[in-house]
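Contents: one structure, followed by commentary.
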Protein chains: 2
Amino acid sequence: MTSARGKRPNASITNVAALADVSIATVSRVLSGRRTKDDDIARRVRQAAIELDYAVNSAASALRSDTSNIIALSLPATPNPLHAGIVAAISDAASAAGRQLLVGTDSTSAGQHQRIKAFIRRNADGIIVLPCPRSGTSTARGLATADTPIIQLFGSTNLLRHDWISIDNGASIELAVTHVVERGAHSIAYFSDAVGSSEGAQTLLAFQSSLNMLHAHADSDWITIADGTTQRGFADTMRIFGDASREIPEAIICASVDTAIGAMIALNQLAIDVPNRVQIVSLRDDTAAATSVPSLTAMRAPLPQMAAESLRLIANAGAATSDAMTVARLRRHVAFPRRVVARGSTRHAAVA
Amino acid sequence: MTSARGKRPNASITNVAALADVSIATVSRVLSGRRTKDDDIARRVRQAAIELDYAVNSAASALRSDTSNIIALSLPATPNPLHAGIVAAISDAASAAGRQLLVGTDSTSAGQHQRIKAFIRRNADGIIVLPCPRSGTSTARGLATADTPIIQLFGSTNLLRHDWISIDNGASIELAVTHVVERGAHSIAYFSDAVGSSEGAQTLLAFQSSLNMLHAHADSDWITIADGTTQRGFADTMRIFGDASREIPEAIICASVDTAIGAMIALNQLAIDVPNRVQIVSLRDDTAAATSVPSLTAMRAPLPQMAAESLRLIANAGAATSDAMTVARLRRHVAFPRRVVARGSTRHAAVA
DNA sequence: TTGTAAGCGTTATCAC
DNA sequence: GTGATAACGCTTACAA
């Protein structure tokens, strides 16, 4: 029955001002950091705020100052396992910047367009969009005039006509090839998945040129293009490694974790040692990679960096528009390579 | 260069009132549905709103009416593939109820506690919490007094002392057993994962009692408890099905998709037909289940229903508290069984 | 540096 | 049922 228990649910700035014996303007200035001095007044205000368990009313703050401290994220509704990591990374970055995260999912680009407009109405500080597949250019038009910064995250082409943060697939596979070559592999198989023509072709090209650059080679039938299933990895591996009379590659690069695990099961059946006889790298990562035996070396998108960069672009966009106004701003494009997470399916790096 | 291009970015209720030649109070009433008549005035107001591309300023609305139209969701930061589906389901349900979704991720229950307090400060209409593993009871205490409804979603125990929506594991496995028995299986293997003692034990018990009830049986070494990896499914299946001199089960129930796929690869190696000789069901679903060959019958949590129920509980909580006030409200617990998604690894249902 | 006071756009209250 | 008007809690000129 102490007074602490019956704490008033929502104290307002007026209560704090009264308790600290200053004006509400001073309270606002101290708590928002617009008043830098750390004297007795500042201390009294902060003390009063703590005592009353005060926190600014975000609705009032948003109404008056026209800034919501909200970052919005539009996702495709298709439950992609990567989405969970993306949401977590952006949530973290937003929290670090003192902002909250509004999320919406839609299954069509038209729905996504509506969603983005709703975000703009909410006066979000910035909007991050993972475009739905085959999102038409229609998405871009109606949003061009809005002054809320919009960032496209991922996607194989710049569907929205805005700043774009994506994955550098060419650099990623070059890193994968480098990883196994540095660990002693001279011959490499590549189990590609047949993602959209341009992206898949580009990655394949980068694989070939990485081989040349690093003096490694691949027989033509070591490069297969199919789905990303476990069975496919198993079948391709059985075919390529099952014939004892032929040369076998010293490493496999797989487009998916499932394919890599299928390959590992097949190699285990054939009594071919991983990683000493054959090394395996997956271009994607997920929880199964860490739990397999041996654990699977895999690449992952640097989500925290990509999220931080998104927020940085959003923050800068505000400055840019106030400067350039009606002049069309340059669209920025930042592409990150995936990072290698070294695990048990590749060897320790050779000491030169 | 039409006037449409230069459309004023944010028209306010005053502009709409002027254009419709009514008072702002009437505009508010018409657009918020508090005025039911559909006469000329209502039409004029709606027309004017469309013409000006007007949408209410949510900050002002939230400030004045003390209701934010925001649902908040707190997730563990660990990137669980299920999270993507959960976010999508809740986003859909929230959109259907005219609300937006605020999301925060945290890796500790302490962080989650802070997050929830921030959501309460944002004046969220309701908060949905997926508790972090081993979240202590500390999470519950400080939040008990808040009148913002809080719902726990998933989790194996009611960590928060609030309404709770979860999965009925016993009913789920009973449905799985029924599914294969109805399709002709009399003997069933179970590849369990060793999730937390209570939940795992409970599911195992339900498996046994389902067998009894449906007159099916399982040899004791057909029930294995291990991790959920593909390799484990492969190894267990090779062991149980590889000895031609022994009886083999007519169905396998697997705790994970990966394990089920490992089993399917093994059966394929052993030239045992799926689904005609052996049927397979996974207790979880993911994208790999649909793409395997044959595709994998799997169970999934009814996320749309669970999300809708969450919002229903939140909506009702408002009514309940205004009635009961200081009286401790009864905590509600709703448990949904997973649903079977029938695919190619089980047969067509036998016609009785 | 501080306090005073004017709004931000909406909904609630009150007369009519 | 409608319209004038007062609030909601905060930020920000502007005056002291």
Side-chain angles (χ1 to χ4, degrees), chain A residues 8-46 48-49 52-70 98 100 118 120-125 318 322, chain B residues 8-46 48-49 52-70 98-100 120-123 125 322:
Chain A
R8 175 171 305 142
N10 11 327
S12 91
I13 197 172
T14 316
N15 308 116
V16 178
L19 185 56
D21 197 28
V22 293
S23 73
I24 61 167
T26 301
V27 173
S28 173
R29 286 191 272 250
V30 169
L31 295 181
S32 69
R34 216 182 327 279
R35 179 188 187 281
T36 45
K37 234 197 295 185
D38 186 23
D39 55 3
D40 188 54
I41 291 182
R43 265 189 297 278
R44 259 174 21 228
V45 169
R46 272 190 273 270
L52 296 172
D53 195 27
Y54 169 80
V56 315
N57 178 318
S58 45
S61 173
L63 174 59
R64 180 59 235 243
S65 67
D66 206 47
T67 144
S68 59
N69 281 346
I70 279 184
Q100 292 194 307
I120 292 173
R121 272 189 235 117
R122 269 274 177 199
N123 201 21
D125 293 344
S322 74
Chain B
R8 174 171 308 143
N10 11 328
S12 92
I13 198 171
T14 315
N15 308 119
V16 178
L19 185 55
D21 198 27
V22 292
S23 73
I24 61 168
T26 300
V27 173
S28 175
R29 287 191 272 252
V30 169
L31 295 181
S32 69
R34 215 181 334 277
R35 178 188 187 281
T36 46
K37 235 196 299 188
D38 187 21
D39 56 2
D40 188 53
I41 290 182
R43 266 189 296 278
R44 256 171 28 225
V45 168
R46 272 191 271 270
L52 296 173
D53 195 27
Y54 168 79
V56 316
N57 178 319
S58 44
S61 176
L63 173 59
R64 182 59 235 241
S65 68
D66 205 46
T67 144
S68 58
N69 282 346
I70 281 185
R99 302 180 142 74
Q100 292 196 305
I120 291 173
R121 269 187 236 118
R122 268 277 178 198
N123 201 22
D125 294 343
S322 73

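Basis for what follows: all heavy atoms, side chains included, without hydrogens, waters or symmetry-related copies. Order of the sequence lines sets the chain letters (A, B, ...), proteins ahead of strands, with each chain counted from 1.
Distance, A:Asp66 CG to D:dC10 C1': 13 Å, rounded to whole Å. Atom-to-atom, CG of B:Leu31 to C1' of C:dA12 comes out at 17 Å; the value is rounded to the nearest Å. Rounded to a whole Å, the CG atom of B:Asp38 is 15 Å from the C1' atom of D:dG1.
Inter-residue side-chain proximity for B:Arg35 and B:Val45 is flagged as unmet; no heavy-atom pair is nearer than 4.5 Å. Contact of the B:Arg34 side chain with the B:Ser28 side chain is registered, since non-hydrogen atoms from C-beta on lie closer than 4.5 Å.
With hydrogens and angles disregarded, a donor-acceptor distance shorter than 3.5 Å links the side chain of A:Asp39 to the backbone of A:Ala42. In this structure a side-chain-to-backbone donor-acceptor pair under 3.5 Å is missing from A:Asp125 to A:Thr67.
A side-chain donor-acceptor contact under 3.5 Å links B:Ser23 and B:Thr26.
Taking 4.0 angstrom as the limit, A:Thr26 places a side-chain polar atom (N or O) nearer than this to OP1 or OP2 of C:dG3.
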Pairs under 3.5 Å (N/O, protein and nucleotides 9-11 of chain C):
from	atom 1	to	atom 2	distance (Å)
C:dT10	OP1	B:Tyr54	OH	2.6
C:dT10	OP1	B:Asn57	N	3.3
C:dT10	OP2	B:Ile13	N	2.6
C:dT11	OP2	B:Ser28	OG	2.6
C:dT11	O2	B:Arg64	NH1	2.9

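Taking CD of A:Gln100 as the reference point, atom CD1 of B:Ile70 lies at 8.0 Å (rounded to 0.5 Å).
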